[in-house]
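Before any comments, here is the structure.
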Amino acid sequence: MHRALELAARGEGFVHPNPMVGAVLARRGNVIGEGWHERHGEAHAEVNALRSCDDAAGATLYVTLEPCCHHGKTPPCTREIIARGVTRVVIAIEDPNPLVAGRGIAELRAAGIAVEVGVGRAEALEQNRAFLKYIVTRRPWVTLKTAMTLDGKIATRAGESRWITGEEARRRVHEERARNMAVATGIGTVLADDPLLDARLPGARQPARVVIDSLARLPLDSRLARSAGRSPVWLVHAPIAPVPRLEALRAAGIACIACAGDGRRVEIADACRRLGEAGVASLLLEGGGELNYSFLAARQVDEVIAFIAPRVIGGAGAASPVGGAGVARLDDALELVDVTVGRAGADVMIRGKLKH
Ligand code: AOF
Ligand code: ZN
């Protein structure tokens with residue numbers, strides 16, 4: 001199962017919104033086949049593993065997710081597993097996809113196959129956390145990424161923010177972008193920094209770029225708008241956004257998504273719902289303090305990655321990672337769990353999940 005999880009990870013960034021899945025076939029202590037889900041829409045992991053060996057009769061299949069039993073983009077995996085004479089299937093986690101949800105396991109058992117579930121469960125739950133949320137709620141798994149100085153500032157008092165952290169931390173951010181289906185920021189950040197929000201790594205899959213922009217102010221000559229042909233740009237706006245602006249943006253190849261809100265802000269819970277409907281299963285939020293606060297206050301953040309640079313810039317008015325109204329009582333603080341602390345060059349990296 002450890003090997004199957006390793007194989008599954010090779011699909012990261014290429015299979016979403018579907019899960020990363022890995023599979024290993026073994027017989028009498030020898031590995032006789034391996035496979036993983038390589039690309040969205042292509043063969044499932046189990047089928048790739050079965051295809052990698054001539055004779056699977058009597059083998060044990062280790063697979064990181066319950067095999068599917070539905071006709072999707074490919075035929076049901078259960079059918080192929082049964083037909084090839086596999087006698088035992090070891091599964092890390094059940095598939096909560098309503099089209100599967102235990103029926104895959106039931107089908108295998110009905111065919112006389114011994115099925116064991118729960119081996120490597122914790123690792124599998126972690127690996128597919130975005131898929132597992134999305135398939136049940138149809139909302140993206142949201143990771144809030146921020147980079148600040150030791151004194152908790154994301155820019156100097158004059159607004160300078162390039163760069164707070166060092167090269168290694170910035171490289172990690174590009175990796176995160178490639179892992180996520182979309183990267184989001186607010187119109188304030190776009191107007192101030194003119195970011196491209198792409199993944200600048202060799203061979204990286206490029207995320208869609210999302211601008212939260214209630215009044216559709218995104219300039220047509222921004223780097224985002226000009227690069228809309230390379231990877232999608234989605235503008236999330238309020239109903240009040242001027243129609244001629246929306247028409248001009250659409251003509252420039254930008255998809256405009258209307259959601260609840262007013263001229264000052266869009267409602268973040270509704271924005272996430274609509275992005276989920278548009279197929280976004282994972283979203284990396286790289287916002288300024290106000291947008292970050294809106295996402296947190298709307299309880300739409302699942303995970304936080306914070307880089308802290310060992311530098312001090314001061315300034316009572318300099319922006320920090322989370323603005324907004326904040327809370328008055330410490331009891332109302334948002335807590336992180338599963339916290340890990342690491343390093344990225346000279347910077348410190350803290351990751352954790354929001355306790356909901
Ligand atoms: C995958 N890869 O290796 C396994 C999956 O869109 P489809 O037709 O490919 O079906 C996707 C569903 O199949 C997915 O949501 C999950 O429930 C199940 N298993 N999917 O993409 C795989 N084993
Ligand atoms: Zn399948």
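Nothing here was measured: the structure is a model prediction, and the numbers come from that model. Both ligands and their constituent atoms are indexed starting at 1 by order of listing. Scope of the values below: all heavy atoms of this structure, side chains included, with no hydrogens, waters or symmetry mates. Along the sequence shown, the residues carry numbers beginning at 1.
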Which of the atoms in ligand 1, numbered in the order shown and given with their element, are less than 4.0 Å from a heavy-atom of [X]?
X: G72; value: 8 (O)
X: N97; value: 12 (C), 14 (C), 15 (O), 16 (C), 17 (O)
X: D95; value: 16 (C), 17 (O), 18 (C)
X: A45; value: 3 (O), 22 (C)

Under 4.0 Å between a side-chain nitrogen and a carboxylate oxygen: does that hold for E176 and R351? yes
Taking the side chain as every heavy atom from C-beta outward, state whether [X] and [Y] have any pair of such atoms under 4.5 Å apart.
X: V63; Y: V21; result: yes
X: L108; Y: I82; result: yes
X: I81; Y: L61; result: yes
X: M349; Y: R172; result: yes

So, with waters excluded, how many protein N/O/S atoms does the Zn ion (ligand 2) have closer than 2.8 Å?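 With waters ignored, the protein N/O/S count below 2.8 Å is 3.
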Applying side chain to side chain donor-acceptor pair (under 3.5 Å), can you list everything that pairs with [X], at least two apart in sequence or on another chain?
X: E80; answer: none
X: S161; answer: none
X: R205; answer: H16

Would you call the rings of H44 and H70 parallel, tilted or perpendicular if under 30° counts as parallel and over 60° as perpendicular? tilted
Does E46 reach ligand 1, in the sense of a heavy atom lying below 4.0 Å from it? yes
In this structure, does ligand 1 have an atom that sits under 4.0 Å from one of the heavy atoms of P19?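 Checking ligand 1 against P19, which is what was asked, there is a heavy-atom contact under 4.0 Å.
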So between H37, K73, E38, whose heavy atom ends up nearest atom 2 (N) of ligand 1? H37
Using a heavy-atom cut-off of under 4.0 Å, does the side chain or the backbone of W36 touch ligand 1, or both, or neither?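 The answer is neither; W36 stays 4.0 Å or more away.
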Relative to ligand 1, is H70 under 4.0 angstrom through side chain, backbone, both or neither, heavy atoms considered? side chain
Where do R88 and Y62 land on the side chain to side chain contact (heavy atoms under 4.5 Å, CB included) test, with the steps shown first? CA-CA 9 Å; R88 180 168 165 250; Y62 296 86; 3.8 Å; yes
Could you check atom 22 (C) of ligand 1 against the protein and tell me its nearest heavy-atom contact, residue, atom and distance included? H44 CG, 3.3 Å
Which residue and non-hydrogen atom of the protein lie closest to atom 11 (C) of ligand 1, and at what distance in Å?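 Looking only at protein heavy atoms, the one closest to atom 11 (C) of ligand 1 is N18 ND2, 3.4 Å.
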Row check, F131 ring normal vs R129 NZ/CZ: under 6.0 Å, within 45°: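 No, R129 does not sit over the ring of F131.
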